[in-house]
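Heads up, the thing below is written out as structure tokens.
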There are 2 protein chains.
Amino acid sequence: MRDVAERAGVTKQTVSNVVTGRVPVRPATEARVRDAIAELGYVPNLVARSLATGSTRTVGLFVPTVRAPFYAELVEHVEDVLEERGHRLLLCTTRLDGERARRHLAGLTSRSVDALLIAGDQGLTGHLPLLAGARFPVVLCAWEAGLPDGLPDGFPVVTLDYEHGGHLAGRHLLDLGHERVAVLASPAHGVRVAGFRRAFEEGGIALPDSAVHLAAEPTFRGGLEAAAAALRAAPGTTALFATHDLLAAAAVEAARTLGLSVPEDLSVVAHDDTPEGLLSRSPLTSVVLPKRDMARQAVEVALGALDAPASADLRPRLLRPELVLGDSTGRAPAHGGARRTVRP
Amino acid sequence: MRDVAERAGVTKQTVSNVVTGRVPVRPATEARVRDAIAELGYVPNLVARSLATGSTRTVGLFVPTVRAPFYAELVEHVEDVLEERGHRLLLCTTRLDGERARRHLAGLTSRSVDALLIAGDQGLTGHLPLLAGARFPVVLCAWEAGLPDGLPDGFPVVTLDYEHGGHLAGRHLLDLGHERVAVLASPAHGVRVAGFRRAFEEGGIALPDSAVHLAAEPTFRGGLEAAAAALRAAPGTTALFATHDLLAAAAVEAARTLGLSVPEDLSVVAHDDTPEGLLSRSPLTSVVLPKRDMARQAVEVALGALDAPASADLRPRLLRPELVLGDSTGRAPAHGGARRTVRP
DNA sequence: GGGTCTTGTTTTACCGGTCAAAGAAGCCCT
DNA sequence: AGGGCTTCTTTGACCGGTAAAACAAGACCC
């Protein structure tokens with residue numbers, strides 16, 4: 001920068017003014033400076049700028065993994081929003097490894113990010129106090145644990161109303177006349193199941209625990225097994241609620257294997273299927289989560305909080321999912337869908 | 001830091017020595033400094049350190065997307081290797097948007113990363129000259145375009161031998177006695193197909209273009225359609241090669257739908273299925289790519305090149321995939337698998 | 001008992017920018 | 001022509017560390 005200044009016959013500060021554009025510079029001077037910049041191939045050093053301004057224009061994002069489509073999408077959405085605001089993304093996948101997460105958190109406590117987003121309850125709740133003294137805003141998002149009653153205190157939270165998502169799914173099946181239903185769930189998705197159950201309770205139908213089948217693993221295979229178990233256990237079942245996309249896709253294939261057609265014999269409603277139904281034969285009816293909105297709000301809270309740290313609104317923001325119709329749900333068959341067709 | 005120094009009755013430099021541990025400090029002094037650090041809650045400022053040392057301990061990674069399992073895994077592997085070496089990950093997903101990538105590249109040209117990894121030919125070849133003048137090492141990895149003949153010049157390349165992967169798959173099917181085979185491929189996977197074809201040519205069997213079915217989209221649905229098309233077009237087909245995991249999983253389901261069992265009537269070999277076969281009914285026979293190795297070598301080349309910029313070895317490193325047996329392949333049926341069972 | 005090592009600590013300068021205040025032109029106006 | 005305004009440019013300090021050389025103080029040595 002000094003070389004550029006010399007060559008253009010001005011001071012460093014004037015070069016800085018030209019580069020940042022924050023202070024007006026006379027056209028003639030600016031031209032000289034720009035020429036010098038071009039001739040010398042000068043590129044400003046962002047690290048130095050960060051040191052001087054106190055802002056790195058980088059935001060940290062912690063997710064449990066990017067191998068789950070939910071988080072992969074979230075990462076890209078966050079990146080999009082950050083890009084709009086001229087920020088970069090520092091990513092840490094914690095793999096649910098608390099120790100690992102702790103190390104990374106420790107690595108950030110010095111001002112190397114402008115803000116930190118922690119997505120997904122990752123068993124990090126225990127480490128949150130570590131962040132209490134952070135000198136930058138920390139926002140929790142996509143936080144399912146603690147819902148529907150309480151969320152961690154002391155940090156802004158931007159998350160999804162998973163309970164409402166489950167409720168939407170339940171409501172939808174009820175509206176279609178389904179009364180004998182089962183749930184395929186991942187162990188971590190209790191909140192979604194709770195919402196689903198609430199919908200049925202409101203409809204005067206109690207959903208027994210035996211109707212909830214946990215998938216041992218969040219894989220296609222796990223979904224197949226859970227679905228097969230569910231349909232065998234209650235042959236009169238006319239609809240399934242799957243708490244995530246892969247389980248739902250597996251449920252559809254399991255039904256086909258058992259000789260049931262979807263949605264004629266069996267309806268399947270998913271929670272958080274990818275909008276395009278990448279994993280399934282045809283687009284599924286699914287509760288769709290406003291991930292993009294969540295990403296935007298999380299970033300806005302995080303970066304907005306920079307300006308007004310004290311006034312940061314700590315009431316959790318719960319974004320509402322929507323039900324998007326696909327072709328995997330239909331009216332309950334007159335005489336209990338799976339009853340007669342399932343081969344035991 | 002100055003406050004800490006004052007409180008401990010030493011200079012900044014001594015505090016620095018204690019914190020970095022690079023220079024020995026007398027135990028008594030060190031204790032005083034550590035106490036002062038603890039009392040004041042001092043945390044070193046990494047930005048300032050970066051400015052002084054010229055190293056940010058951050059590595060940039062460009063991938064087309066993290067929604068594809070291949071890249072999601074790669075990102076996590078890279079992160080693991082970086083963590084071992086005490087570096088952080090700055091992620092940019094380009095979404096195959098050249099303009100976007102260009103902007104991000106421009107944002108990095110100042111020394112905000114120690115090195116840059118560009119994974120996946122992303123139509124970025126045109127932008128590479130932009131990086132020719134970069135002041136940090138740039139390594140290309142997972143670069144499929146240009147194989148098997150040539151790879152971009154001027155940058156170190158650490159990539160996978162996709163051609164060999166296809167060859168392994170072909171060799172395997174030949175060994176099992178399959179002669180009438182078809183390929184389900186993504187348009188971008190020409191190299192894998194070429195390797196597969198070479199294996200058959202070496203076996204004296206020409207694979208006609210009509211045996212290669214492109215999936216319109218890299219989805220389950222796209223795979224189903226391509227598989228169905230393949231099996232209808234050549235009813236005598238006894239084996240399929242699918243160039244990526246989702247296509248392969250779809251192929252298995254398509255076969256079932258057509259009344260074929262896998263592997264009795266139809267063998268399916270995948271390229272780059274996730275090791276655990278997350279998407280399929282059972283683990284598929286698949287060419288497995290040494291992603292972790294690739295990540296490690298890419299990072300090592302990138303960070304190693306820091307020390308010896310001139311001696312950087314520019315010969316492309318091609319890592320060899322392996323064939324991992326699952327239960328989706330078996331000997332070719334005596335009388336052409338799909339021939340009699342496929343309903344047209 | 002003065003050179004020569006070690007070892008630990010300080011000095012001085014620098015990394016490459018930005019900020020805020022002060023200074024210098026140029027313009028307008030009465 | 002001189003005072004008051006703008007508008008642009010320079011000055012000097014600072015962001016928070018690290019590098020390298022200089023310095024002090026014992027320990028060792030013959």
Side-chain angles (χ1 to χ4, degrees), chain A residues 1-37 40-58 86 107-114 134-136 306-307, chain B residues 1-37 40-58 86 107-114 134-136 306-307:
Chain A
M1 187 172 205
R2 198 192 34 209
D3 298 345
V4 172
E6 262 171 37
R7 180 161 196 132
V10 295
T11 32
K12 277 200 314 182
Q13 184 60 46
T14 300
V15 177
S16 171
N17 292 341
V18 169
V19 171
T20 63
R22 256 190 283 283
V23 175
V25 173
R26 195 189 311 162
T29 314
E30 170 163 357
R32 286 211 316 282
V33 172
R34 291 211 180 283
D35 285 353
I37 287 177
L40 295 170
Y42 162 77
V43 176
N45 181 322
L46 295 189
V47 176
R49 180 179 294 173
S50 291
L51 179 58
T53 59
S55 156
T56 56
R57 302 198 78 73
T58 299
L108 292 181
T109 39
S110 49
R111 314 195 43 80
S112 44
V113 294
D114 285 356
R135 304 212 188 76
F136 45 80
L306 276 175
D307 303 334
Chain B
M1 187 172 207
R2 197 192 34 210
D3 298 346
V4 172
E6 264 173 35
R7 182 164 197 130
V10 295
T11 31
K12 276 199 314 180
Q13 184 60 46
T14 301
V15 177
S16 171
N17 291 343
V18 169
V19 171
T20 63
R22 255 190 285 282
V23 174
V25 173
R26 194 188 311 162
T29 315
E30 171 163 356
R32 287 212 317 283
V33 171
R34 291 212 180 282
D35 287 351
I37 287 177
L40 295 171
Y42 163 77
V43 176
N45 181 322
L46 295 189
V47 176
R49 180 179 295 173
S50 291
L51 180 59
T53 60
S55 156
T56 55
R57 303 197 78 71
T58 300
L108 293 181
T109 38
S110 48
R111 313 193 44 82
S112 42
V113 293
D114 285 355
R135 304 211 188 76
F136 44 80
L306 276 175
D307 303 335

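Both backbone and side-chain heavy atoms feed into the values below; hydrogens, waters and symmetry mates do not. Here is the naming used below: chain letters follow the sequence lines, and residue numbers restart at 1 for every chain.
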Problem set entry | S16(B) backbone acceptor or donor facing T20(B) side chain under 3.5 Å | yes
Exercise. Are the side chain of S50(A) and the backbone of S55(A) linked by a donor-acceptor contact shorter than 3.5 Å?
Worked result: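 Judged by distance alone, yes, a pair lies under 3.5 Å.
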Between atom [atom1] in [X] and atom [atom2] in [N], what is the gap in whole Å?
X: L51(A); N: dC19(C); atom1: CG; atom2: C1'; result: 13 Å
X: I37(A); N: dG16(C); atom1: CD1; atom2: C1'; result: 14 Å
X: R22(A); N: dC19(C); atom1: CZ; atom2: C1'; result: 10 Å

Problem set entry | Which nucleotide in dC19(C), dT9(C), dG16(C) has an atom nearest any side-chain atom of T29(B) | dT9(C)
Between [atom1] on residue [X] and [atom2] on residue [Y], distance to nearest 0.5 Å:
X: N17(A); Y: R26(A); atom1: CG; atom2: CZ; result: 13.0 Å
X: E30(A); Y: D35(A); atom1: CD; atom2: CG; result: 10.5 Å
X: M1(A); Y: L40(A); atom1: CE; atom2: CG; result: 12.5 Å

Exercise. Given R49(A) and V19(A), is the side chain to side chain contact (heavy atoms under 4.5 Å, CB included) satisfied, shown in steps?
Worked result: CA-CA 12 Å; R49(A) 180 179 294 173; V19(A) 171; 3.6 Å; yes
Base, sugar-phosphate, or nothing for [X], non-hydrogen atoms under 4.0 angstrom?
X: V15(B); answer: nothing
X: T20(B); answer: sugar-phosphate
X: V33(B); answer: nothing

Problem set entry | Contact boundaries on DNA chain D for chain B, cut-off under 4.0 Å to non-hydrogen atoms | dG16(D) to dA20(D)
For this session: Please report the closest heavy-atom contact between V47(A) and L51(B), naming both atoms and the distance.
Result: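 Smallest interatomic distance, heavy atoms only, reads CG1-N, 3.6 Å.
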Exercise. Looking only at heavy atoms, what is the nearest atom pair of S112(A) and T56(A), with distance?
Worked result: O-OG1, 3.4 Å
List every contact pair, protein side and nucleotides 10-12 of chain C side both N or O, where the distance is under 3.5 Å.
from	atom 1	to	atom 2	distance (Å)
dT10(C)	OP2	T11(B)	N	3.1
dT10(C)	OP2	T11(B)	OG1	2.8
dT10(C)	OP2	T14(B)	OG1	2.9

